[in-house]
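As structure tokens, the structure follows; a few thoughts come after it.
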Amino acid sequence: MAERILVVDNVTKTYPGVKALDQVSLAFEKGEIHALVGENGAGKSTIIKTIAGAIKPDSGAVLFERKDLTKMKTSEIRGCGIEVVYQEFNLALQLPVYENIFIGNLAGKGPGNRLADKKYMIETTKKLFEKLGIRIDPESRVDSLSVAYMQFVEIAKAVSRNVRILIMDEPTATLTNAEVEILFKTIRKLKEEGVTILYVSHRMEEIFELTDRCSVLRDGRYIATVHTKDTTRKELIRYMVGREVSETFPTRKSRIGEEVLRAEHLTGNTVSDISFTLHKGEILGFGGLVGAGRTETVEMLFGAARVESGSIWLHGEPVKIPNPRAAVQKGIALIPEDRKRHGLILDKSIMENATLPMLKRFARGSVLNRKLQEKATREQTEALGIKTPGVDQLAKNLSGGNQQKVVLAKWLISSSDILIFDEPTRGVDVGAKQEIYQIMNRLVESGKSIIMISSEMPELLGMADRLIVMCEHKMSGELSKENMDQIQVLELASGKK
């Protein structure tokens, strides 16, 4: 019988209006890769934070080798060899990589020497990256790295501390396929060394490729633990959502109409010579590898980056969009890739976030009319199916899928006609994905137009009417619905055509 290294024993945690965990019990074995799955809001993040000591449960215990972690400080828990790599990185962006690896644990030349030994830290960091199969210059500043490589720095930092339990929250959300392969090799090597991996992911293919067992949470309650090889994708989804969920893309009956936006030879923000059109009632997809220039292109459309040359046309008229305020006034909205940093003010309520871009609409003189704000927010909350006890709920207390809907509510209240979705379902569970797809369909059926950036191939092929593919900051091709297939997209994305 495998050795149990970590046990969650009858843990309950309640927040105002929400029972995040309801008498949850789980057990994790030494040297296994154990997936923790469930819809957004199922309780996965609360379990992670409880194990790490970031929050204290109302009742129950978390036992690591019979020591109750709930009675220990966060630093003491880390001293046990328990590390978490969160979706939101905990890095000092202005410092070099090697200092981030040793942060809080600066290495001296010898016993009693308080001065940090720069040479030693750099060499140790190099050896650590070699062990993990990662190519990063230890002396480069963290803010010069891509998001994917910031992720690797977080993992290396955890491994450097003699990790025994490594908790990973959506670790592949920002990685390319090649980077995912490197990550998987690293995880498997850690497993061989006896490290227990708690792996949180919404990507079913990863769970079946990588993990040994899966534990399912739903609405804050424990549902089941299964051996991954003994279950099916369909069965796991049914455990997660409590019902049958189709993974096909919903059909749409929108009529594609006249041109609403045109970009001609757009250059700036690292991309060059980008030309395309967008029509009323259309979903225009943007595909390509991470870092190909997709986000950089739409940032110029939204006024978040400067256009060096080229032109943007709206409804047949040339326009200048010097900043996001101008974009909003012209009916262009951006649902950003990183909703927590760029889409929401997490410490503000749903209502405050949803009405922020259009405060003048809700003002009577210099005073905001709360009733008007509440009415507009409640209408969108109901229309989008945002699960919340009320519009005063703080955005940070919502699940990822519901946070995404609040960002969308903000732009629907502002009556935007062109909506840019940057990775609309990143970090969102299978049930919420279907809801977002249906919302997107309803929007284009009502006459709005959507630009959708996605790294999910099935999502691009299933939702886009046309597809722009980018490679190395340039357009490499455009595909119609009839000509879209995975091979074509991959060839264009890799520069083979």
Side-chain angles (χ1 to χ4, degrees), residues 254 256-271 274-286 293-339 341-345 353-361 376 380 384 404-424 436 439-454 463-468 470 475:
S254 61
I256 296 175
E258 69 275 11
E259 178 188 301
V260 295
L261 180 145
R262 174 183 292 270
E264 292 186 344
H265 308 293
L266 215 55
T267 297
N269 201 27
T270 77
V271 303
I274 308 295
S275 298
F276 62 89
T277 60
L278 174 70
H279 295 81
K280 184 176 181 178
E282 179 181 39
I283 296 180
L284 176 65
F286 267 70
R294 301 166 304 171
T295 296
E296 289 79 1
T297 299
V298 299
E299 283 175 344
M300 289 191 287
L301 298 179
F302 190 61
R306 189 171 69 88
V307 177
E308 293 175 7
S309 63
S311 57
I312 300 171
W313 298 65
L314 280 178
H315 307 290
E317 299 290 332
V319 296
K320 299 291 184 184
I321 307 177
N323 52 52
R325 177 178 292 180
V328 173
Q329 289 171 346
K330 295 179 189 302
I332 301 174
L334 173 64
I335 296 90
E337 176 183 5
D338 190 339
R339 56 181 171 263
R341 281 204 303 160
H342 302 139
L344 295 168
I345 303 174
N353 275 283
T355 58
L356 184 61
M358 302 299 291
L359 288 178
K360 285 184 179 180
R361 181 189 296 179
Q380 290 302 331
L384 296 173
Q404 186 77 312
K405 291 178 185 178
V406 173
V407 181
L408 182 53
K410 174 171 66 175
W411 298 124
L412 295 181
I413 287 173
S414 70
S415 303
S416 300
D417 293 318
I418 297 172
L419 297 153
I420 303 168
F421 285 77
D422 193 350
E423 302 287 1
I436 290 170
I439 289 166
M440 292 171 73
N441 280 357
R442 290 202 301 270
L443 290 171
V444 291
E445 285 170 357
S446 71
K448 297 187 184 295
S449 306
I450 290 176
I451 293 174
M452 181 187 73
I453 297 171
S454 179
M463 291 296 293
D465 296 301
R466 281 187 301 127
L467 184 58
I468 305 295
M470 297 192 66
M475 271 184 65

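Only this structure's heavy atoms are used, side chains among them; waters, hydrogens and symmetry mates stay out.
Partners of Glu282 under the salt bridge (Lys or Arg N to Asp or Glu O under 4.0 Å) rule, at least two apart in sequence or in another chain, are Arg466. Annotation: ring pair (Phe, Tyr, Trp, His ring centres under 6.0 Å) contacts of Phe286 (sequence neighbours excluded): Phe276. Listed by chain and number, the residues in a salt bridge (Lys or Arg N to Asp or Glu O under 4.0 Å) with Glu445 amount to none (sequence neighbours excluded). With sequence neighbours excluded, no residue forms a salt bridge (Lys or Arg N to Asp or Glu O under 4.0 Å) with Lys410.
In plain terms, the two heavy atoms of His279 and Val260 that are nearest each other are C-CG2, 4.0 Å. The minimum heavy-atom distance between Arg361 and Ser415, with the atom names listed, is NH2-OG, 3.7 Å. Counting all heavy atoms, side chain and backbone alike, Ala464 lies closest to Gly285 at CB-N, 3.8 Å. In terms of heavy atoms, Gly293 sits closest to Val271 at O-CG1, 3.5 Å. Shortest non-hydrogen contact noted between Ile332 and Phe302 is O-CE1, 3.5 Å. When all heavy atoms of Leu356 and Ile345 are compared, the pair lying nearest together is CD2-CD1, 3.8 Å.
Judged by distance alone, with hydrogens and angles left aside, the side-chain atoms of Gln404 form a donor-acceptor pair with the main-chain N or O of Pro424 at under 3.5 Å. Checking side-chain atoms of Ser414 against main-chain N and O of Met358 turns up no donor-acceptor pair under 3.5 Å. No donor-acceptor distance shorter than 3.5 angstrom exists from the side chain of Asn269 to the backbone of Ala305, with no hydrogens or angles considered. Judged by distance alone, with hydrogens and angles left aside, the side-chain atoms of Lys280 form no donor-acceptor pair with the main-chain N or O of Ile256 at under 3.5 Å. Remark: the backbone N or O of Leu334 is paired with a side-chain donor or acceptor of Trp411 at under 3.5 angstrom.
Sorted by first and then second residue, the salt bridge (Lys or Arg N to Asp or Glu O under 4.0 Å) pairs with a member in residues 294-304 read Arg294-Glu423; sequence neighbours excluded. Residue pairs meeting the side-chain hydrogen bond (donor to acceptor under 3.5 Å, both in side chains) criterion with at least one partner in residues 320-334, sequence neighbours excluded, are absent.
Using a 4.5 Å heavy-atom threshold, the side chains of Ile321 and Ile312 count as touching.
The distance from the CE atom of Met452 to the CD1 atom of Ile436 is 11.5 Å, given to the nearest 0.5 Å. In this structure, CG on Leu266 lies 7.5 Å from OG on Ser311, to the nearest 0.5 angstrom. Rounding to the nearest 0.5 Å places CG of Leu412 at 5.5 Å from CG of Leu384. Atom NZ of Lys448 sits about 7.0 Å away from atom OG of Ser416, to the nearest 0.5 Å. Rounding to the nearest 0.5 Å gives a distance of 7.5 Å between CD1 of Ile453 and OG1 of Thr297. Note: Ile413 CD1 to Gln380 CD = 5.5 Å, rounded to the nearest 0.5 Å.
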Please walk me through it: do Ile418 and Leu278 pass side-chain contact (heavy atoms from CB on, under 4.5 Å)? CA-CA 9 Å; Ile418 297 172; Leu278 174 70; 3.8 Å; yes
Begin from the C-alpha positions of Leu344 and Val407 and carry the test side-chain contact (heavy atoms from CB on, under 4.5 Å) through to its verdict. CA-CA 7 Å; Leu344 295 168; Val407 181; 3.7 Å; yes
Apply side-chain contact (heavy atoms from CB on, under 4.5 Å) to residues Leu408 and Leu443 and explain how you reach the verdict. CA-CA 11 Å; Leu408 182 53; Leu443 290 171; 4.3 Å; yes
Start with the C-alpha distance between Met470 and Ile274, add both sets of side-chain angles, then the distance that settles side-chain contact (heavy atoms from CB on, under 4.5 Å), and finish with yes or no. CA-CA 9 Å; Met470 297 192 66; Ile274 308 295; 3.5 Å; yes
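Each of Leu419, Leu301, Ile468, Ile283 was compared with Ile451 under the side-chain contact (heavy atoms from CB on, under 4.5 Å) criterion, and only Leu301 meets it.
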